[in-house]
Amino acid sequence: MLQQTPVVRVLPVWHEWLKRWPTPAALAGEPAGEAVRAWGRLGYPRRALRLHAAAVAITQDHNGKVPDTYPELLALPGVGGYTAAAVAAFAYGRRETVVDTNIRRVHARLVSGTALPAPALTAAEMRLAASLLPADDGSSVRWNAAVMELGALVCTARAPKCTACPVNDLCAWRAAGEPPPSYVPKGQAWHGTDRQVRGAVVAVLRLAETPVPPDMFFREPADLGFAPAGIGVPLAALHRLNSAPEQLERALAGLIADGLAEMHDGGYRLPA
DNA sequence: GATGCGTGGGT
DNA sequence: TACCCAAGCAT
């Protein structure tokens, strides 16, 4: 849930999940579509799909217990290098080189003297992080947590709180006069994109209690008569986008291809 | 290595 | 109001 999503937005959903599915086996025992529904508006819903798949793998291959080693974690669906290291370190107390966006930024400023880390994680960054990691397990876990928190709360991407920084006298970026970034991060386009349409379609499927006929997506709301219960609002939002039919086609095909949707009784629904 | 993939709070 | 950007991953 925390992948590319702020902690404060994750917390309430996370609590609900753990209440409903206290164990991997509990989640694995339900359809993947239920995971997508419970995901709510966290974004990147295929993460919900992969989390469900991970629960299935843990139930089948790990006797229902989340594995405690980096390579085993890395093999789970939706778990990459960062998540595998973070779980091994923070859940199991292991010494792992945890490198997330916060740690990358702290290292870039404090050590490398640049405003921002490189656009993508580099081998040099991994070597630097590994070289800074304390030798014993307990200290390494504290170090990972501390650097991550420093980046999240003080050494923030925009408007860093340098005057409140406990290590500002060690900061290479500050010492260099806080030079600006050497490149401009290119933001993701959103308005009018396939991605926006896809998000609106998933919003409809998430609230639908029965399969949604293609007409509901492709025809004007006025021509539809009535919509299945509950999806009036997201359906109106989708049509407000005024997207081209080809765009809707691509969104629906993409959702099917990704396993986020399936056809049933001539309509689209989340995987059951 | 580059791309596609959501959403909402902060500035 | 726009734009930034957030505990990344898979292909």
Side-chain angles (χ1 to χ4, degrees), chain A residues 1-14 36-37 39-54 73-91 96-108 115-126 129 141 143-161 180-181 183-206 234 237-238 241 247 250-261:
Chain A
M1 289 176 176
L2 290 166
Q3 292 165 0
Q4 297 278 275
T5 306
V7 177
V8 290
R9 201 140 61 81
V10 164
L11 279 176
V13 181
W14 177 71
V36 177
R37 278 205 179 82
W39 198 252
R41 304 187 61 82
L42 277 184
Y44 292 143
R46 55 188 184 193
R47 290 183 297 171
L49 221 48
R50 291 178 181 145
L51 186 49
H52 180 270
L73 288 160
L74 189 62
L76 295 173
V79 176
Y82 159 71
T83 303
V87 171
F90 300 133
E96 302 285 348
T97 305
V98 179
V99 180
D100 78 324
T101 188
N102 294 301
I103 291 178
R104 294 186 64 211
R105 188 174 53 251
V106 170
H107 288 170
L116 295 175
L121 179 61
T122 65
E125 286 180 85
M126 286 303 294
V141 171
W143 175 263
N144 282 323
V147 180
M148 200 178 298
E149 288 299 294
L150 185 66
L153 302 178
V154 177
C155 195
T156 51
R158 279 183 303 174
K161 301 166 181 61
Y183 67 99
V184 181
K186 56 175 188 294
Q188 300 164 342
W190 177 248
H191 293 286
T193 62
D194 287 6
R195 199 173 179 178
Q196 186 185 27
V197 176
R198 174 175 160 128
V201 170
V202 173
V204 173
L205 297 183
R206 226 173 23 229
L238 172 64
L241 296 180
Q247 234 177 347
R250 286 196 297 271
L252 288 165
L255 290 173
I256 297 281
D258 288 351
L260 271 167

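Chain letters run A, B, ... following the sequence lines, proteins first, then strands; residues in each count from 1. Only heavy atoms go into these numbers, but all of them, side chains included; no hydrogens, no water, no symmetry mates.
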Q: May I have the distance from A:Leu260 (atom CG) to B:dC5 (atom P), rounded to whole angstrom?
A: 11 Å

Q: Grab the CG-P distance between A:Leu74 and C:dG8 for me, whole Å please.
A: 16 Å

Q) Looking at residues 41-54 of chain A, who's got a heavy atom less than 4.0 Å off DNA chain B? A) A:Arg41, A:Leu42, A:Gly43, A:Tyr44, A:Pro45, A:Arg46, A:Arg47

Q.
Using a 6.0 Å cut-off, check whether atom CH2 of A:Trp190 has over 12 heavy atoms from anything other than its own residue.
A. yes

(Q) On DNA chain C, compare the nucleotides closest to A:Gln3 and A:Thr156; which residue's is nearer the 5' end? (A) A:Thr156

Q: Name the residue closer to the 5' end of DNA chain C, choosing between A:Gly81 and A:Pro6 according to the nucleotide with the nearest heavy atom.
A: A:Pro6

Q.
Using a 4.0 Å heavy-atom cut-off, does A:Ala157 contact any base of the nucleic acid, only the sugar-phosphate backbone, or nothing at all?
A. sugar-phosphate

Q) Between A:Leu241 and A:Ala200, what is the shortest heavy-atom contact and its length? A) CD1-CB, 3.8 Å

Q) Say you draw a straight line from CG of A:Leu260 to CG of A:Leu205; how long is it, rounded to the nearest 0.5 Å? A) 9.0 Å

**Q.** Non-neighbouring partners of A:Gln196 that pass side chain to side chain donor-acceptor pair (under 3.5 Å), sequence neighbours left out
**A.** none

Q) Considering only heavy atoms from C-beta outward, does the side chain of A:Gln3 approach that of A:Tyr44 to under 4.5 Å? A) no

Q: Rounded to the nearest angstrom, tell me the gap between atom CD in A:Gln4 and atom P in C:dA6.
A: 8 Å

Q: Using the closest heavy atom to pick a nucleotide of DNA chain B for each, name whichever of A:Asp194 or A:Arg158 lands nearer the 5' end.
A: A:Asp194

**Q.** Contact under 4.0 Å: A:Thr101 side-chain N or O vs C:dA6 OP1/OP2
**A.** yes

(Q) Is it the case that B:dG6 (base atoms only) and A:Thr5 (side chain only) share a donor and an acceptor within less than 3.5 Å, ignoring hydrogens and angles? (A) yes

Q) Checking all strands, does A:Val8 fall into the base, sugar-phosphate, or nothing category for heavy-atom contacts under 4.0 angstrom? A) nothing

Q: Check every strand shown and say whether A:Gln188 touches a base, only sugar-phosphate, or nothing at a heavy-atom separation below 4.0 Å.
A: base

(Q) Of the options B:dG6, B:dT3, C:dC5, whose atoms approach the side-chain atoms of A:Arg9 most closely? (A) B:dG6

Q) Distance from A:Tyr82 atom OH to A:Arg104 atom CZ, nearest 0.5 Å? A) 13.5 Å

Q: Tell me which of A:Gly40 and A:Leu121 sits closer to the 5' end of DNA chain B, going by the nucleotide each one is nearest to.
A: A:Leu121

Q: For A:Arg104, report the nucleic acid contact type (base, sugar-phosphate, nothing); a contact means any heavy atom under 4.0 Å.
A: nothing

(Q) Quick one, A:Arg198 and A:Asp258 - any side-chain contact, counting heavy atoms below 4.5 Å? (A) yes

Q: Taking atom P in both B:dG8 and C:dC9, compute the distance separating them and give it to the nearest angstrom.
A: 22 Å

**Q.** Length of the CZ-C1' vector between A:Arg195 and B:dG6, whole Å
**A.** 6 Å

